[in-house]
Amino acid sequence: KETFVGDQVLRIVAKDVVQLALIKDLEDMVELELDVWMGVTDVASPVDIRVPFYNLQSVKIYLESQNIEFSIMIEDLQMLLDEEQEKMELAAR
Amino acid sequence: FVEPRDTDSFDYNNYHTLSEIYSFQDMLVDENPSLVSKMVIGQSYEGRPLNVLKFSTGGSNRSAIWIDTGIHSREWVTQASGTWFAKKIVTDYGRDPALTAILDKMDIYLEIVTNPDGFSYTHTRNRMWRKTRKPNPGSSCVGVDPNRNWDAGFGGPGASGSSCSETYRGPKAHSESEVKSIVDFVKSHGNIKAFISIHAYSQMLLYPYGYTRTPVRDQAKLNSLAKKAITDLASLYGTRYRYGSIINTIYQASGSTIDWTYNQGIKYSYTFELRDTGRYGFILPANQIVPTAQETWLALMAIMDHTLKNPY
């Protein structure tokens, strides 16, 4: 079973179209194995990306070096999934 | 573990496995034989039935409304909402005048688990799975994005040609049995007047097109109906939705469901992106299932009511 221990979901907010393009570039970096939950649309809309634990540093450095604002929407995805699983099992009893 | 004995004791406030949802469908049919029947419109790649609930008060080949949930398997709130909608339809028929009027003239088809292989996979192997489960020859990556696999601008920008991508369009249009089964059903039915495909998340109600900037012929009507639908939705909990064409509201996406249905002549073609709390994405806590379904139902009713009152 695939787990997501340490994976984070980042909510990224672009200030302008230049930053939007930089986020789009990030999305296209296949080596980072990003899972785009909500992709680049316009400046008004945030971008949500699940980042594998082992690539968190690279992604955060990229965002910080470009002065792109982001927050951690989900701190540890697996913790949330474990809670979900536990609730399902409890409810089924 | 205790199986619910009937659809009244089914727990709508929690997520359920595929077999539990299949059992729910059978119970609903058993309890309401004069209103609900189950059709199997095809099989998934792994051989699971593609079940569609038909809500009908009689007649033959009546005009109809199609609703599907869960084509992207990991968006669990959509399958859960679909289950709630099914119960809502049988509960409200004969009680709610608007729904009763719809069902007295039209049929409603509801496919709760549109991508059962993917859904099963999210429960057993990978909670983040969104595609189908058909292997791609020559690639170690499995599956196709079933919302890029339709014959509407297929292969254009806004879909990937790489089998490892989450938006892989597939080798050809309608290559996925989960998609082809709906295509065949829609074509053979020939009288579907509204088609609503439900996704999560990001709170949007969208109409065609996604593959081209050319506005659809009915843009003005679709836009005003979308506005009415999201206003009704917001009346319950204040959830705010954006609305517009796919390409103008999200991004260019080729090969998507409702672009194909619109091109088939189904004027009221819409796709929802359900609730986003801003904290969980589509991993929505189970206590939000019912509120999400309740508010979405108001928007669905707006679209279905309009479809009934504006025949074409």
Side-chain angles (χ1 to χ4, degrees), chain A residues 1-14 17 20-21 23-24 27-53 70-93, chain B residues 1-4 10-17 19-20 72 74-77 80 121-131 141 158 160 162 164-167 199-204 206 242 244 246-253 273 276-287 289:
Chain A
K1 189 164 186 170
E2 196 168 331
T3 62
F4 302 90
V5 177
D7 287 14
Q8 292 189 343
V9 181
L10 304 183
R11 174 153 281 195
I12 305 166
V13 183
V17 287
L20 219 50
I23 300 169
K24 183 77 189 136
E27 279 185 13
D28 295 337
M29 293 177 194
V30 285
E31 67 278 12
L32 293 175
E33 298 174 48
L34 303 178
D35 174 13
V36 180
W37 283 17
M38 199 149 67
V40 168
T41 52
D42 52 51
V43 175
S45 310
V47 176
D48 294 342
I49 300 181
R50 176 175 66 83
V51 186
F53 175 71
F70 69 93
S71 58
I72 299 169
M73 188 167 104
I74 297 175
E75 184 82 36
D76 182 336
L77 183 60
Q78 191 57 45
M79 277 176 61
L80 209 54
L81 299 183
D82 290 344
E83 278 173 31
E84 185 182 64
Q85 182 72 28
E86 203 178 317
K87 278 183 189 154
M88 263 186 80
E89 284 167 8
L90 275 172
R93 281 178 203 282
Chain B
F1 294 93
V2 180
E3 291 275 331
F10 187 85
D11 185 1
Y12 299 91
N13 284 293
N14 269 295
Y15 291 115
H16 293 276
T17 61
S19 65
E20 288 166 350
H72 285 149
R74 65 190 185 181
E75 296 164 3
W76 282 8
V77 74
Y121 203 71
T122 62
H123 279 273
T124 52
R125 302 291 298 276
N126 179 347
R127 177 66 183 84
M128 293 297 110
W129 194 260
R130 102 182 204 129
K131 299 194 282 183
C141 296
S160 175
S162 162
C164 294
S165 165
E166 293 288 359
T167 55
H199 293 239
Y201 62 117
S202 64
Q203 296 179 194
M204 288 185 276
L206 307 169
R242 286 188 290 149
I246 297 170
I247 196 165
N248 287 328
T249 313
I250 328 181
Y251 36 57
Q252 188 165 24
E273 292 283 350
D276 165 27
T277 61
R279 292 171 62 194
Y280 300 100
F282 51 80
I283 313 290
L284 215 55
N287 63 13
I289 294 169

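What you see is a predicted model; the values in this text were computed from it and never measured. Lettering follows sequence order; numbering is per chain, from 1.
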Locate the shortest heavy-atom distance separating B:Y251 from A:V40; write the atom from each residue and the value.
CD2-O, 3.5 Å
Quick one: does A:K87's side chain get under 4.5 Å of B:Y15's, heavy atoms only?
no
Given side chains that start at C-beta, do those of A:T41 and B:M204 come closer than 4.5 Å, heavy atoms only?
no
In terms of heavy-atom proximity below 4.5 Å to chain B, should A:T3 be classed as side chain, backbone, both, or neither?
neither
Answer with side chain, backbone, both or neither: which region of B:T124 has an atom nearer than 4.5 Å to a non-hydrogen atom of chain A?
backbone
Check: A:M88 and B:H123 side chains under 4.5 Å, non-hydrogen atoms:
yes
For chain A, which of B:P285, B:A286, B:G278 has the most heavy-atom pairs under 4.5 Å?
B:G278
Residues in residues 4-11 of chain A near chain B [non-hydrogen atoms, under 4.5 Å]
A:F4, A:R11
Taken to the nearest 0.5 Å, the spacing of B:I283 CD1 from A:R50 CZ works out to 9.5 Å
Please enumerate all residues that pass salt bridge (charged side-chain N to carboxylate O under 4.0 Å, His left out) together with A:D42, with sequence neighbours excluded.
B:R242
Looking at A:M29, I want to see if its CE is surrounded by more than 12 non-hydrogen atoms of other residues, nucleotides or ligands under 6.0 Å.
yes
Quick one: which of B:T249, B:N14, B:D11 has the most heavy-atom pairs under 4.5 Å with chain A, could you say?
B:N14
Please name the pair of heavy atoms, one in A:D48 and one in B:Y201, separated by the smallest distance, quoted to 0.1 Å.
OD2-OH, 2.7 Å
Report the option among A:I74, A:D35, A:L77 that has the most heavy-atom pairs separated by less than 4.5 Å from atoms of chain B.
A:D35
In Å, rounded to the nearest 0.5 Å, how long is the span from CG of B:L284 to CD of A:E84?
9.5 Å
Answer with side chain, backbone, both or neither: which region of A:V36 has an atom nearer than 4.5 Å to a non-hydrogen atom of chain B?
backbone
Side chain, backbone, both or neither of B:W76 within contact of chain A (heavy atoms, under 4.5 Å):
side chain
Taking all heavy atoms of A:M38 and all of B:S202, pick out the closest pair and write down the distance.
SD-CB, 2.9 Å
Any A:E2 side-chain heavy atom under 4.5 Å of B:Y121 side chain:
no
First locate atom CE of B:M128, then atom CH2 of A:W37, and finally report the distance between them rounded to the nearest 0.5 Å.
5.0 Å
Measure B:D276 against the heavy atoms of chain A and call it side chain, backbone, both or neither at under 4.5 Å.
side chain
